[in-house]
**Q** 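Supplied in structure tokens, the structure appears directly below.
Throughout, numbering of the chain's residues begins at 1 and tracks the sequence.
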Amino acid sequence: MAETEATLLRQFPLFLPQNRSKTVYEGFISAQGRDFHLRLLLPKDLQLRNARLLCSWQLKTALNGYHHIVQQRMQQSPDLVSFMMELKMVLEAALKNKKEPYVLPSPPKFYSSLIGEIRTLGWDKLVYVDPCFSTIKLKADVSGREHLITVKLKAKYPAESPDCVVDFPVPFSVSWTPQSSLISIYTQFLAALESLKTFWDVMDEIDEKTWVLEPEKPTRSATARRIVLGNNVSINIEVDPRHPTMLPECCFLGADHVVKPLGIRLSRNIHLWDPENSLLQNLKDVLEIDFPARAILEKSDFSMDCGICYAYQLDGAIPDQVCDNSQCGQSFHYICLYEWLRGLLTSRQSFNIIFGECPYCSKPITLKMSGRKA
């Protein structure tokens with residue numbers, strides 16, 4: 001406590017306790033060469049989340065538009081010193097922004113027009129709008145999936161096309177004229193969502209019915225899935241968003257004696273692929289397998305830690321190299337195995353392949369060098 005008080009006095013010498021119980025502080029906070037008066041009332045337990053901050057009108061004016069941030073920091077700051085430091089940072093930023101005022105893109109008619117457009121769309125579609133009406137977020141619910149579009153208006157709107165940010169697996173470009181509006185953007189957004197419905201149906205079925213190793217939390221723009229096939233064997237697929245029921249790019253990951261038969265089945269049965277069936281059903285038919293069921297097995301049943309670093313995830317990567325010895329089958333991160341083999345005097349390299357010994361069973365193991373950073 002004494003150390004905290006000393007730090008507070010050193011950082012804010014003009015902000016002092018007004019009673020022995022130190023439930024009232026009053027004084028000044030300095031920013032941009034100016035002093036602002038404030039008073040802080042703390043409860044008996046000295047918890048900031050229940051405190052009251054009383055500001056002079058100059059400080060209130062300076063923090064206009066930042067009050068919610070100040071309130072949030074008061075709720076989350078661990079102690080008074082931390083809060084005062086963060087308040088100073090917020091005040092500095094607020095004063096700096098006021099020196100560089102936002103140039104209104106249009107007269108008040110601009111805002112009333114935008115409000116009218118949002119009203120026509122429906123207020124339930126609005127997720128967020130900033131105080132300057134330069135950034136607007138809208139949502140749409142299609143097939144039980146919520147999608148967001150962020151519209152960033154430019155200074156010459158509507159003469160100039162706004163920027164639109166979406167979580168799509170394909171580019172989203174807006175057809176725009178000076179007569180266009182938020183309504184036309186939203187209509188094009190809905191049309192794009194409808195065109196990608198089958199793709200998301202395919203990806204959702206995979207996520208719901210199989211164990212996906214990567215990505216751990218897929219976004220709506222993610223087109224790849226690494227799916228568990230069994231212990232230390234998986235398949236990485238890359239789905240074409242425009243043709244989601246067609247045969248995707250496939251790459252098997254695991255020991256050679258396990259993945260080679262899968263590759264042979266894929267080549268032998270590729271004629272069985274039926275675009276009328278779901279992608280998951282086609283994979284089952286072509287590979288002649290059943291995917292491990294989520295209802296019966298846990299992901300941990302297939303998630304083996306790296307045999308070198310003893311971790312599952314390393315810089316976002318999971319083990320994808322497996323010893324080909326059927327009695328071993330230990331998995332490793334690419335980077336871990338690469339560094340291990342490089343450190344062995346008995347290892348040798350031929351073109352882009354390193355030959356060495358498995359760290360676990362000492363049987364021969366190979367590593368094909370890729371473009372990954374090592």
**Q** Output, in order, the C-alpha distance, side-chain angles, deciding distance and verdict of side chain to side chain donor-acceptor pair (under 3.5 Å) for T177 and S180.
**A** CA-CA 5 Å; T177 68; S180 298; 3.2 Å; yes
**Q** Any chance the side chains of S82 and D79 put a donor and an acceptor closer than 3.5 Å?
**A** yes
**Q** Is the shortest side-chain heavy-atom distance between F291 and L229 below 4.5 Å?
**A**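 SC-SC contact between F291 and L229 confirmed.
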**Q** Taking a hydrophobic cluster as the set of Ile, Leu, Val, Met, Phe, Trp and Tyr residues connected by side-chain heavy atoms closer than 4.5 Å, whether directly or through intermediates, do I270 and V259 fall within one such cluster?
**A** yes
**Q** Checking D320 against R226 for the side-chain contact (heavy atoms from CB on, under 4.5 Å) test, could you report, in this order, the C-alpha distance in whole Å, the side-chain angles of both residues, the deciding distance, and whether it holds?
**A** CA-CA 10 Å; D320 59 2; R226 182 178 168 187; 3.6 Å; yes
**Q** Side chains of F351 and M369: closer than 4.5 Å at any heavy-atom pair?
**A** no
**Q** Within the side chain of Y128, is there an N or O that forms a donor-acceptor pair under 3.5 Å with the backbone of L138?
**A** no
**Q** Given L41, which partner from the list T23, L54, N50 fulfils the side-chain contact (heavy atoms from CB on, under 4.5 Å) test?
**A** L54
**Q** What I'd like to find out is whether the side chain of F36 reaches to under 4.5 Å of the side chain of C55, using heavy atoms alone.
**A**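 When only atoms from C-beta onward are counted, C55 and F36 do not touch, as no gap falls below 4.5 Å.
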**Q** Side chain of E146, backbone of G144: donor and acceptor closer than 3.5 Å?
**A**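 Looks like no, no N/O pair under 3.5 Å.
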**Q** Check S234 against L213 and note the closest heavy-atom contact, atom names and distance.
**A** CB-CD1, 4.2 Å
**Q** If hydrophobic clusters are built from ILVMFWY residues whose side chains come within less than 4.5 Å, do L148 and M203 share one?
**A** no
**Q** Is it the case that over 12 heavy atoms from other parts of the model lie below 6.0 angstrom from the CH2 atom of W123?
**A**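 More than 12 within 6.0 Å, yes.
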**Q** Determine whether a donor-acceptor pair (N or O, by modelled atom type, separation under 3.5 Å) exists between the side chain of K368 and the backbone of N352.
**A** no
**Q** Inspect the surroundings of NZ in K209 and state if more than 12 heavy atoms from other residues, nucleotides or ligands are less than 6.0 Å away.
**A**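 No - once you tally the heavy atoms of other residues, nucleotides and ligands closer than 6.0 Å, there are 12 at most.
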**Q** Could you grab the distance from atom CZ of F252 to atom CZ of R265, nearest 0.5 Å is fine?
**A**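 Between F252 CZ and R265 CZ, I get 9.0 Å after rounding to 0.5 Å.
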**Q** Using the side chain to side chain donor-acceptor pair (under 3.5 Å) rule, take T198 and D201 through it: C-alpha gap first, then chi angles, then the decisive distance, then the call.
**A** CA-CA 5 Å; T198 304; D201 287 343; 5.1 Å; no
**Q** Can you name the nearest heavy-atom pair linking V151 to P162, along with the distance?
**A** CG1-CB, 3.9 Å
**Q** Just verifying a value: how many Å separate T366 OG1 and L337 CG, rounded to the nearest 0.5 Å?
**A**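 Reported value, rounded in 0.5 Å steps: 9.0 Å.
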**Q** When you compare the side chain of F332 with that of C358, does any pair of heavy atoms fall below 4.5 Å?
**A**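 They are in contact (side-chain heavy atoms under 4.5 Å apart), so the answer is yes.
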**Q** Taking atom CG of D315 and atom NE2 of H333, what is their separation to the nearest 0.5 Å?
**A**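 Atom-to-atom, D315:CG and H333:NE2 are 9.0 Å apart.
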**Q** Verify the cluster assignment for L190 and F199: are they in a single hydrophobic cluster under the rule of side-chain heavy atoms below 4.5 Å apart?
**A**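 Same hydrophobic cluster.
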**Q** Would you check if there is a donor-acceptor pair between the side chains of S77 and E86 at a distance under 3.5 Å?
**A**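 Yes - a donor-acceptor pair under 3.5 Å links their side chains.
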**Q** Out of curiosity, does I289 fall in the hydrophobic cluster containing L266 (side-chain heavy atoms, cut-off under 4.5 Å, transitive links)?
**A**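 Cluster IDs for L266 and I289 match.
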**Q** Just so I know, are the side chains of L279 and P244 near enough to count as touching, which here means a heavy-atom distance under 4.5 Å?
**A** no
**Q** Looking only at heavy atoms, which two atoms of P215 and A222 are closest? And how far apart?
**A** CG-CB, 4.4 Å
**Q** Among T245, L283, D285, which residue meets the side-chain contact (heavy atoms from CB on, under 4.5 Å) test with W273?
**A**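 Single pass found, and it is L283.
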**Q** Rounded at 0.5 Å granularity, tell me how far CG in L182 sits from CD1 in I136.
**A**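 Interatomic distance, L182 CG to I136 CD1, rounded to 0.5 Å: 5.0 Å.
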**Q** Is it the case that the side chain of S143 and the backbone of R145 share a donor-acceptor pair, with hydrogens and angles ignored and the cut-off at 3.5 Å?
**A**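 No: the side chain of S143 does not pair with the backbone of R145.
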**Q** Side chains of L40 and L38: closer than 4.5 Å at any heavy-atom pair?
**A** no
**Q** Between N282 (side chain) and D274 (backbone), is there a donor-acceptor pair under 3.5 Å?
**A** yes
**Q** For the side chain of D167 and the backbone of R220, is there at least one donor-acceptor N/O pair under 3.5 Å apart?
**A**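 Checked: pair present.
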**Q** Angle class for the Y338/Y334 ring planes (parallel below 30°, perpendicular above 60°, tilted otherwise)?
**A**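 Correct class here is parallel.
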**Q** Out of curiosity, S113 OG to Y157 OH, how far, rounded to the nearest 0.5 Å?
**A**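 These two atoms lie 6.5 Å from each other.
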**Q** For K137, look at atom NZ and say whether over 12 heavy atoms of other residues, nucleotides or ligands are found less than 6.0 Å away.
**A** no
**Q** Is the count of non-hydrogen atoms from other residues, nucleotides or ligands lying under 6.0 Å from K284 atom NZ greater than 12?
**A**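 Above 12, so yes.
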**Q** Passes side-chain contact (heavy atoms from CB on, under 4.5 Å), F83 versus L53? Steps please.
**A** CA-CA 11 Å; F83 170 67; L53 181 64; 4.1 Å; yes
**Q** For K88 versus S30, what's the shortest heavy-atom pair and its separation?
**A**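 So the minimum-distance heavy-atom pair works out to NZ-O, 2.5 Å.
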**Q** Just wondering, are more than 12 heavy atoms of other shown residues or ligands nearer than 6.0 Å to CE in M74?
**A** yes
**Q** For the pair F172 and F189, name the ring-plane relationship: parallel under 30°, tilted 30 to 60°, perpendicular over 60°.
**A** perpendicular
**Q** Linking I/L/V/M/F/W/Y whenever their side-chain heavy atoms sit closer than 4.5 Å, directly or via other members, would I206 and L253 fall into one cluster?
**A** no
**Q** Would you tell me whether R49 and Q47 have side-chain atoms, one donor and one acceptor, within less than 3.5 Å of each other?
**A** yes
**Q** Looking only at heavy atoms, what is the nearest atom pair of P17 and K22, with distance?
**A**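 Looking at all heavy atoms of both residues, the closest pair is CB-CG, 3.9 Å.
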**Q** Indicate yes or no for a side-chain donor-acceptor contact from E160 to the backbone of K154 under 3.5 Å, with no hydrogens or angles considered.
**A** no
**Q** With distance as the sole test, does S278 use its side chain to make a donor-acceptor pair with the main-chain N or O of Q281 at under 3.5 Å?
**A** yes
**Q** With a cut-off of 6.0 Å (strictly less than), are more than 12 heavy atoms of other residues, nucleotides or ligands near CZ of R242?
**A**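 12 or below, so no.
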**Q** Run the side-chain contact (heavy atoms from CB on, under 4.5 Å) test on V228 and T210 for me, step by step, so that the C-alpha distance in whole Å, both residues' side-chain angles and the decisive distance to 0.1 Å come before the verdict.
**A** CA-CA 7 Å; V228 167; T210 71; over 6 Å; no
**Q** Say you draw a straight line from CH2 of W176 to SG of C164; how long is it, rounded to the nearest 0.5 Å?
**A**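 Going from CH2 on W176 over to SG on C164, the span is 7.5 Å.
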**Q** Run the numbers on C361 and Q327 for side-chain contact (heavy atoms from CB on, under 4.5 Å), then give the verdict.
**A** CA-CA 9 Å; C361 67; Q327 312 249 312; over 6 Å; no
**Q** Between S56 and H37, is there a donor-acceptor pair closer than 3.5 Å when you use the side chain of the first and the backbone of the second?
**A** yes
**Q** Y360 versus C323: any side-chain heavy-atom pair under 4.5 Å?
**A**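 Not in contact.
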**Q** Does L341 offer a backbone N or O that forms a donor-acceptor pair with the side chain of S347 under 3.5 Å?
**A** yes
**Q** Between V166, I149, V142, which is the residue that forms a side-chain contact (heavy atoms from CB on, under 4.5 Å) with L193?
**A** V142
**Q** For C306 versus Q330, what's the shortest heavy-atom pair and its separation?
**A** C-NE2, 4.0 Å
**Q** Do E288 and N269 have side chains that get closer than 4.5 Å, going by heavy atoms?
**A**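 Heavy-atom side-chain distance check passes, below 4.5 Å.
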